[in-house]
Structure formats: structure tokens, C-alpha cells
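All values below were derived from every heavy atom in this structure, side-chain atoms included, with hydrogens, water molecules and symmetry-related copies excluded. Just so you know, these numbers come straight off a predicted model, no measurement behind them.
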Amino acid sequence: MRTEPSFSTDSDHGLLDDADRSYESSTSQIDVESQLMSDYRQRYGLSIDPFVDDPHFPFYTGAQRRQILEQLLHLCQFSHNLLVVAGEYGVGKTRMAQALIDGLDDADDICFVEGQINSDIGSLLAEVYEQLELQGSLEFVDFCRKKTEQEGLVVLIVDNAHHLDSNVVLDLINLLQESVESRLHLVLFAEPHFLSRLEHIDAPNLILTDFLLEKFSLGESVDYLNFRMEMADYLGPEVFTESGVEPWWRQSQGRLLS
């Protein structure tokens, strides 16, 4: 059983600034944009939009992403450490979470939840129980108990964990530490300041393994953009160069806002 991140799209296509604009005008605008996208794909021989906001688009393994993903998969399998992936807004944490979900075994039970500022442990676990189709805490504890060596993992992935209150984080850590025989593994994705908060969490036996997702360098940004084109079946010479990408890269400061 597995769940997937829900990716929000901050697109303004089709939105009207003035309430009295006609329906026909907005429809015409959408038609023009659709035609431009069609022409763009036809020009480069693309099978899909290379920059579509799709969580299942092939995962870019450059900029240390492959190494981090491989270590996460290994530690989920062979450790009970608290795993934290830290990175600034827009560097690809949620995309890494999806890659982790895709990389885990089909026999594993995977739950993805998003930390909210107003989340408490009750509301967070209620979502977990719902996704895993469990009735409550007793069933959850039994569900996570390892009964045979062949059983899969239970992996709880929390995105935007920096939004969670410290007490909620401690409750999650306590769940992780309740039994060494548990199948439960906890992976938190958060902004870097979350790591300093963990230093003040009262969990003396906690073993923390953290990873930092860095912003893309200019060269990595060029490689990433050309990778997206290649994955959309573009077969020609590289479209993106450092000189062409540099203004965008400086403006975005190496962040991926997709």
C-alpha cells in the first residue's frame, strides 16, 4: 500500500483579472496557449511537455540526487535512524520524496503526509490511519510490529516537517523508538532550520541521519534542463547552454520551482 505526494500547481492559465471579461475571451486565450505548446512540441519533436509538473516524470539523478536517494533506500532497509532530508524552498524535496516512494519495494507500506502549521499528533496520525486503512493506534502498533523476516517496511514520509510543532515531532520520534522490532521507518523532509530545532528535542537515544539537498549550480541547471528535454524524446543538439541559462539561474538562485 502506498500513497503519493499531491503536487499543487500555481498556474495562472485561464485566470481572469477582471470579473467582467467574457467567457469567449478566456477560451480564446487558452486556445492560443494550447496552440503555442503544440507548436513548441512539434518544433522539437517532443512527445510530452518537458516541463510539466508531473511527479512521475523521470527523476533527475544529477547534483548528488542519486547518491542521496540510494542512501535513503539503504537506511530505510537496514536502520531505524530518523532520516531527515533538508533543503531550501524549491530545491526538489517533494520530488525526492516521490522518488523514494517509487524506489521502495512493492511489498512496503508507504504513507505520505504533509506537515501543516496547525497539525497536531492526533490529526497527523488520523491521516496516517486513514491511508493505511487502520482503525486507530492499537491497530497501527500491531500493523508496524515485525512478525516475519520477509515482511515489508512501513515507511512514514512527512513533507514540510518544519511546519510541525516540536511536541508533534517528539511524538513521531517516540513512535519510531517504541520497538526495535518495528517495521516503521520515519523520513522527514524539511527546510534546513529544522535541523537546529532537532538539537533541542528531548530524545537522548535518537540516531539522526540527515542529508542536504543543495541548490543547483549553473552547470547542474543546464544539465537538468537538457535532461528534461531528453526525457521528452528530444533527439537534437542540446538546447540549453550556460550563457542562455545564466540569467534564469541567477534570478531563481538555483532553486527548482517545479
Side-chain angles (χ1 to χ4, degrees), residues 1-7 54-61 64-87 92-116 119 121 123-161 164 168-169 171-190 194 198 203 205-213:
M1 180 182 299
R2 56 185 59 210
T3 60
E4 298 178 352
S6 60
F7 287 69
D54 179 2
H56 296 290
F57 196 91
F59 180 61
Y60 176 67
T61 57
Q64 301 298 311
R65 267 57 176 173
R66 179 195 296 275
Q67 293 90 328
I68 293 175
L69 177 59
E70 289 177 347
Q71 290 182 70
L72 286 171
L73 290 167
H74 177 83
L75 289 168
C76 281
Q77 185 71 40
F78 298 107
S79 85
H80 279 279
N81 300 1
L82 172 64
L83 307 178
V84 177
V85 179
K93 296 187 295 298
T94 305
R95 185 64 188 88
M96 175 68 76
Q98 177 63 59
L100 175 59
I101 291 171
D102 292 340
L104 288 164
D105 193 89
D106 288 340
D108 298 333
D109 294 289
I110 305 164
C111 184
F112 176 94
V113 296
E114 186 171 353
Q116 305 288 345
S119 295
I121 192 62
S123 61
L124 198 69
L125 290 180
E127 186 173 352
V128 172
Y129 302 154
E130 181 179 0
Q131 290 187 23
L132 297 176
E133 300 179 357
L134 301 172
Q135 294 302 313
S137 60
L138 292 179
E139 278 197 20
F140 179 71
V141 171
D142 184 65
F143 182 78
C144 293
R145 186 175 295 116
K146 183 182 293 186
K147 302 176 180 68
T148 69
E149 289 300 321
Q150 288 73 37
E151 283 186 295
L153 311 172
V154 178
V155 183
L156 172 54
I157 299 171
V158 182
D159 199 14
N160 290 325
L164 298 177
V168 177
V169 176
D171 287 336
L172 289 173
I173 292 172
N174 288 336
L175 279 177
L176 180 67
Q177 294 184 312
E178 276 183 355
S179 173
V180 293
E181 297 302 319
S182 175
R183 300 191 296 138
L184 180 63
H185 300 265
L186 182 59
V187 188
L188 307 180
F189 290 80
F194 180 73
L198 286 177
N205 298 320
L206 175 67
I207 301 176
L208 168 66
T209 303
D210 61 274
F211 305 90
L212 181 62
L213 282 184

**OP:** Run through L184, V128, L186 and flag the one making a side chain to side chain contact (heavy atoms under 4.5 Å, CB included) with V154.
**Re:**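 The option that passes is L184.
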I need the minimum non-hydrogen distance between [X] and [Y], along with the two atoms involved.
X	Y	answer
S119	V168	O-CG2, 3.7 Å
H56	Q98	CE1-NE2, 3.8 Å
L172	V158	CD1-CG2, 4.5 Å
Y60	R65	O-CB, 3.4 Å

Next item on the list: Return the orientation label for the Y129 and F140 ring planes: parallel under 30°, perpendicular over 60°, tilted otherwise.
Entry: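 Tilted, since the angle between the ring planes falls between 30° and 60°.
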With a 3.5 Å distance limit and no angle check, can you tell me whether [X] reaches the backbone of [Y] through a side-chain donor-acceptor pair?
X	Y	result
Q131	F112	yes
D108	I110	no
R183	G152	yes
H185	L83	no

Inset, instruction - To the nearest 0.5 angstrom, please state how far the CG atom of L156 sits from the CG atom of L176. - result: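 Taking CG in L156 and CG in L176, the distance rounds to 9.5 Å.
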Could you tell me the separation between the CD1 atom of I207 and the CD atom of Q177, rounded to the nearest 0.5 Å?
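Between atom CD1 of I207 and atom CD of Q177 there are 8.5 Å.
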Anything under 3.5 Å between a donor and an acceptor, one on a side chain of residues 71-78, the other on a protein residue two or more places apart or in another chain? List them.
| from | atom 1 | to | atom 2 | distance (Å) |
| --- | --- | --- | --- | --- |
| Q71 | NE2 | Q67 | O | 3.4 |

Among residues at least two apart in sequence or on other chains, which ones pass salt bridge (charged side-chain N to carboxylate O under 4.0 Å, His left out) with R66?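 Not a single residue meets the salt bridge (charged side-chain N to carboxylate O under 4.0 Å, His left out) criterion with R66.
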Check: Step by step, would you call K93 with L213 a side-chain contact (heavy atoms from CB on, under 4.5 Å)?
Finding: CA-CA 7 Å; K93 296 187 295 298; L213 282 184; 4.0 Å; yes
Legend entry - ring-ring contact (aromatic ring centres under 6.0 Å, His included) against F57, all qualifying residues, sequence neighbours excluded: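 F57 satisfies ring-ring contact (aromatic ring centres under 6.0 Å, His included) with no residue once adjacent residues are dropped.
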Practice item. Report the residues that fulfil ring-ring contact (aromatic ring centres under 6.0 Å, His included) with F194, sequence neighbours left out, ordered by chain and then residue number. Key: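 Applying ring-ring contact (aromatic ring centres under 6.0 Å, His included) to F194 gives none.
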message: Run the side-chain contact (heavy atoms from CB on, under 4.5 Å) test on L69 and T61 for me, step by step, so that the C-alpha distance in whole Å, both residues' side-chain angles and the decisive distance to 0.1 Å come before the verdict.
response: CA-CA 9 Å; L69 177 59; T61 57; over 6 Å; no
Checklist line | side-chain contact (heavy atoms from CB on, under 4.5 Å) evaluation trace for L125 with L175 | finding: CA-CA 11 Å; L125 290 180; L175 279 177; 3.7 Å; yes
Please name all residues satisfying side chain to side chain contact (heavy atoms under 4.5 Å, CB included) with A126, sequence neighbours left out, ordered by chain then number.
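Per chain and number, A126 pairs via side chain to side chain contact (heavy atoms under 4.5 Å, CB included) with no residue.
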Can you list the steps and then say if D102 with F59 is a side-chain contact (heavy atoms from CB on, under 4.5 Å)? CA-CA 10 Å; D102 292 340; F59 180 61; over 6 Å; no
message: By the side-chain hydrogen bond (donor to acceptor under 3.5 Å, both in side chains) test, which pairs, at least two apart or in different chains, include something from residues 134-143?
response: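 Applying side-chain hydrogen bond (donor to acceptor under 3.5 Å, both in side chains) to every pair that reaches into residues 134-143, excluding sequence neighbours, yields D142-R145.
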- Look at atom CG of L212 and say whether more than 12 heavy atoms of other residues, nucleotides or ligands are closer to it than 6.0 Å.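 Correct, the count exceeds 12.
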| What residues, two or more places apart in sequence or in another chain, satisfy side chain to side chain donor-acceptor pair (under 3.5 Å) together with T209? |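 Residues passing side chain to side chain donor-acceptor pair (under 3.5 Å) with T209: N81.
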